[in-house]
Amino acid sequence: MRDAIAALPGSKIREVANSAIGRDDVLAFWFGESDDVTPEPIREAAIASLHRSETFYSSNLGLPELREAIARYVGSLHRPCPASRIAVTSSGVSGLMIAMQALAGAGDEVVAVVPVWPNVTAQPAILGARVTRVALVPRAGTWTLDLDALLAAVTNATRVLVVNAPNNPTGWTLTRDEQLAILAHCRRTGTWIIADEVYERLYYEAAPAAPSFLDIAEPDDRLVVANSFSKCFLMTGWRLGWLVLPERLTTTIGHLIEFNTSCSPVFVQRGGIAALAHADALVRQLREHTQLCRDTLVPQLMTLPGVQLGNPRGGMYAFFRIVGHDDSLALAKRLVSDGIGLAPGVAFGDEAEGWLRWCFASRDPARLLRGVERLAAALR
Ligand SMILES: Cc1ncc(COP(=O)(O)O)c(C=O)c1O
C-alpha cells in the first residue's frame with residue numbers, strides 16, 4: 001500500500017459515535033446533517049424517474065437539463081454562468097476530489113485554510129501533494145482569518161489554495177474584501193483556488209448567499225467552486241453535487257468523472273432538478289429554520305460556565321470550547337456517557353484541539369435545548 005494511504009487517519013467523529021453503538025439514549029449532534037428528511041417534491045421526482053425506468057448510465061457531466069438548471073441557479077445568485085461551465089458530481093466530496101485530482105499531483109504544494117472538514121486536506125494528501133496549513137485564529141470564541149499569513153503562505157510554488165467558507169466547523173465566513181485580496185494574489189502566483197461553498201445558502205446575514213468567489217471572478221480565472229445538494233436541500237444521502245469550472249476544464253473533468261463514478265444516477269439527478277425548481281421556497285424555509293436552531297442553541301450555550309463561542313455567521317455548527325477541558329476527544333467520549341453526542345474539535349485539525357462541534361440543524365429545536373440541559377448537567 002502507498003505510504004500516503006497507510007497514513008490516513010480514521011475519523012475521530014466516527015470514533016466518538018462508535019463509542020455509543022448500542023445506545024439509543026444519546027442525543028446525537030456529531031454528524032454534519034439535519035435529522036429532517038428530504039422535501040417531498042424532490043423525493044417524488046426521483047420516484048417518478050424510477051417508475052419511468054430511468055435506471056441506466058447517463059452522460060459524464062450530468063443531464064443537460066440539470067446542468068442548465070444549476071447554471072440558472074448559480075447565475076441567479078452570482079454572475080451569469082453558462083451550463084458549459086457546470087459538471088454534475090456524485091456528491092460534493094466527489095466533486096472536490098475530482099477537482100483536486102485535476103489540479104494537484106505528487107509533490108505539488110497545496111495550501112489549506114484550517115481548521116476544516118478533514119476531507120479537503122486528506123484529498124491532496126491521498127494524491128501525494130504536500131499540504132501547508134494556514135490556521136484561522138480564535139479570538140474570544142470567534143475564528144478569524146489572518147489574511148497576511150495566508151497571502152504569505154501562497155507563493156509561486158503553490159499549485160492550489162483550498163478554502164471552505166462558510167466554514168465547517170468554525171462558522172467563519174470570508175468577507176468580500178478578503179476574497180478580492182485572495183483572488184488578486186492567486187492571479188499573481190498562478191495558484192488555483194478550490195472554493196468549497198457548500199454552505200453558501202446557510203448564511204445568516206441579510207443576503208441570499210454568503211460572499212462567493214463566483215461574484216468577483218472572471219469566467220477564465222483559475223477557480224473551481226464546489227457545491228452540493230446535501231446541506232441546502234436536505235439531500236445528504238443522495239450524493240449529488242456540482243462544480244463550477246472555467247470552460248477550458250470542463251471536457252477534461254468529464255473524462256475524470258468517467259474514471260471516478262462515470263456519472264450520477266439519473267433518478268438522483270431528477271431529484272436535483274426538482275430541488276432547483278423549488279429552490280426559492282425550499283432554501284428560504286430551510287435557512288429560516290436553521291437560523292431558528294442557531295438562535296435557540298447559541299445563546300443557551302453562552303450561559304454555561306466556562307463556555308467560549310461566537311455566533312456563527314454561516315454554516316450549521318456551533319463551535320465552542322469549555323475552559324479547563326483541553327482534550328476534545330476524551331471530553332466528547334465522556335459526554336457520550338452523559339447522553340450527548342458532539343464532534344471533537346481535533347477531528348478538524350490540531351488547531352482545533354480543545355474545541356467541540358455541535359450540529360444545530362435539527363427538525364425539532366427543543367431537542368437542542370434538551371442537549372444543553374444534558375451538557376450543563378455533565379459539566380456540574
Ligand atoms: C465543508 C464541506 N464540504 C463538502 C461537504 C460534502 O458534502 P457532500 O459530499 O454530502 O455533498 C461537506 C459535508 O459535510 C462539508 O462539510
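Both counts, for ligands and for their atoms, begin at 1 and track the order of listing.
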Set out, in order, the CA-CA distance, both residues' side-chain angles and the distance that settles side chain to side chain donor-acceptor pair (under 3.5 Å) for Thr189 and Thr191, then state yes or no.
CA-CA 5 Å; Thr189 59; Thr191 300; 2.7 Å; yes

Output yes when Lys333 and Glu15 qualify as a salt bridge under the 4.0 Å nitrogen-oxygen rule, no when they do not.
yes

Where the side chain of Ser362 meets the backbone of Pro365, is there a donor-acceptor pair that is under 3.5 Å apart?
no

Can you pull out every side-chain hydrogen bond (donor to acceptor under 3.5 Å, both in side chains) where at least one residue sits in residues 311-327? Sequence neighbours excluded, please.
Tyr199-Tyr317, Tyr203-Arg313, Arg321-Asp326

Which pair of non-hydrogen atoms, one from Ala210 and one from Asp215, has the smallest distance, and what is that distance?
O-OD2, 4.5 Å

What are the polar N/O contacts of ligand 1 with the protein below 3.5 Å, with distances?
from, atom 1, to, atom 2, distance (Å)
ligand 1, 3 (N), Asp196, OD1, 3.2
ligand 1, 3 (N), Asp196, OD2, 2.5
ligand 1, 9 (O), Gly92, N, 3.4
ligand 1, 9 (O), Val93, N, 3.0
ligand 1, 9 (O), Arg239, NH2, 2.8
ligand 1, 10 (O), Ser230, OG, 2.6
ligand 1, 10 (O), Arg239, NH1, 2.8
ligand 1, 11 (O), Gly92, N, 2.7
ligand 1, 11 (O), Ser228, OG, 2.6
ligand 1, 11 (O), Ser230, OG, 3.2
ligand 1, 14 (O), Lys231, NZ, 2.7
ligand 1, 16 (O), Asn168, ND2, 2.7
ligand 1, 16 (O), Tyr199, OH, 2.7

So that I can tick it off, tell me whether Asp108 and Arg130 are bridged by a salt bridge, with the cut-off set at under 4.0 angstrom between side-chain N and carboxylate O.
no

